Amino acid sequence: MVAARVARAARRAGLAVAGCGGDAESAGELLAGRARLPEPFTVPLPIPEVARPVRPGRYEVTQRVAAVEILPGLRTEVWGYGGTFPGPTFELRRGTPAVLRVRNELPVPTSTHLHGGVNPPGSDGYPTDLVVPAGHAAPHGHPGEVHHPVVKDYRYPVEQRAATLWYHDHRMDFTAPQVWRGLAGMVLVRDEEEDALPLPRGERELPLMICDRSFEEDGSFRYPQAHGGHGHSHARDPDFMEGVEGDVILVNGAPWPVAEVTATRHRLRLVNASNARRYRLRLSPGGRFTQVGSDAGLLAAPVAHDTITMAPGERFDVVVDFSAYPPGSTVTLLNTLAGGPAGNVMRFVVTRRAPDDTAVPAVLSRPPGRPRPVAARTFDFRRTDESWTINGHRYRPGVPLARPRLGTAEVWRLTSDFHHPVHLHLAHFQVLARNGRPPAATDAGWKDTVDVRPYEVVDVLARFDGHRGRYMLHCHNLEHEDMAMMADFDVI
Ligand SMILES: [Cu+2]
């Protein structure tokens, strides 16, 4: 297993660079599965269906239970948007508002968050703004909880730049188990600035939603029962306080898939949709990722990476030039943060040479510049007793920790005791510094999620644009999020 050996070697190198021993890069606890697993790189890469509007600007999707084949020969019950996992991909255009009607036919309430979206607060997917299925009684009694019976219309102005976004469940206390069961999908915002670029498109643009899961022997998802495995329990399993990592890596819902590509440039829209797992992506037998976009849109100029470290919630929009490999060869996407099966992600088989009129121009876009900050605040992400807290507080819905003014920018200092991928709703930000030093190459551009590592001090410059109202910041390790590592901020 050359790939595994490379992965182990790279993992050791990565740990050495980090200057820490043991599992310093591991952000969760491994939950070993019990199912018989396929050989890696045997299942074809699926591409999620692109959602079609029921009429211009209007989409409808039903959250429902479905049985799908994820592991060959076994059936897995998923809770999916449209009954699929991932859900359909929504392709939206800047300047064309969209209404998404979500119908909930699941046995549990839901709240759908468009991650990276600049949307009004009533359509942001606040954790207690719930779509409640028919026949579901008994409110939980969280302060300010809102119940929409069966359907809710989410209104997306789509005034933001072209970007790789994703949508997922955000229900109070149960985000982690409900996303684990399948409630996630991708959104691609497009605009004229992107249209004008000669980037790969069509079949040469691949949305790749990466996440890890574990399976029971019968093919059903395995998840710690005490973490809300049935969607009804608030009890937590202290063994999984750090977060749940699966032992099967899925791309677009398929285990370690394989995709055929021509020996041309391809654009890969990478999303880390895992509950807790971080990845360090590397191409084997070598090769480079040319990053063209970050969480919130196109970069001003491309950035080349040998490896990309992705925390949960982050996106990387990259171009890989497969003409660098001989036709007939294979290119494996590795995760060098893990040994064993989780050290593989997927494989590309380079089929043949083909004409390629694409390019990655030296200038990609004109993103907004850095505004001058008007305030500075600190948010400390830390374990306090048996909870994950921000500034010492468990989440208190309706009690904002900050009240930034619309149209201003602030420097937010994020400090931590562990791996906490910090996500801001509404506000996009730039990373200014890590531990007082320049940010990582992978921190480039406007972002909405940042990988904050143990005992790091990360300074970000956040813009509060678009809408007034109640939003939130939280850890995007979904088990941490459910264990109260969230806070409100009000844009005033
Ligand atoms: Cu966290």
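Not measured: the values here are computed from a predicted model. Atoms within a ligand are numbered from 1 in the order they appear, just like the ligands themselves. Reckoned from all heavy atoms, side chains included, excluding hydrogens, waters and symmetry mates.
- Using a 4.5 Å heavy-atom threshold, the side chains of Phe316 and Leu281 count as separate.
- Ion pair Arg434/Asp443 flagged as a salt bridge, since at least one NZ, NE, NH1 or NH2 atom sits closer than 4.0 Å to an Asp/Glu carboxylate oxygen.
- A cation-pi contact links Arg213 to Trp180, judged by a cut-off of 6.0 Å to the six-membered ring centre and 45° from its axis.
- Note that Arg161 lies outside the cation-pi zone of Trp446, set by a 6.0 Å cut-off to the ring centre and a 45° limit from the axis.
- For CD of Glu217, the number of neighbouring non-hydrogen atoms (other residues, nucleotides, ligands) closer than 6.0 Å is 12 at most.
- Counted by atom type alone, His467 and Asp124 present zero donor-acceptor pairs between their side chains at under 3.5 Å.
- Inspection of the environment of the Cu ion (ligand 1) yields the following protein N, O or S atoms under 2.8 Å: His420 ND1, Cys475 SG, His480 ND1.
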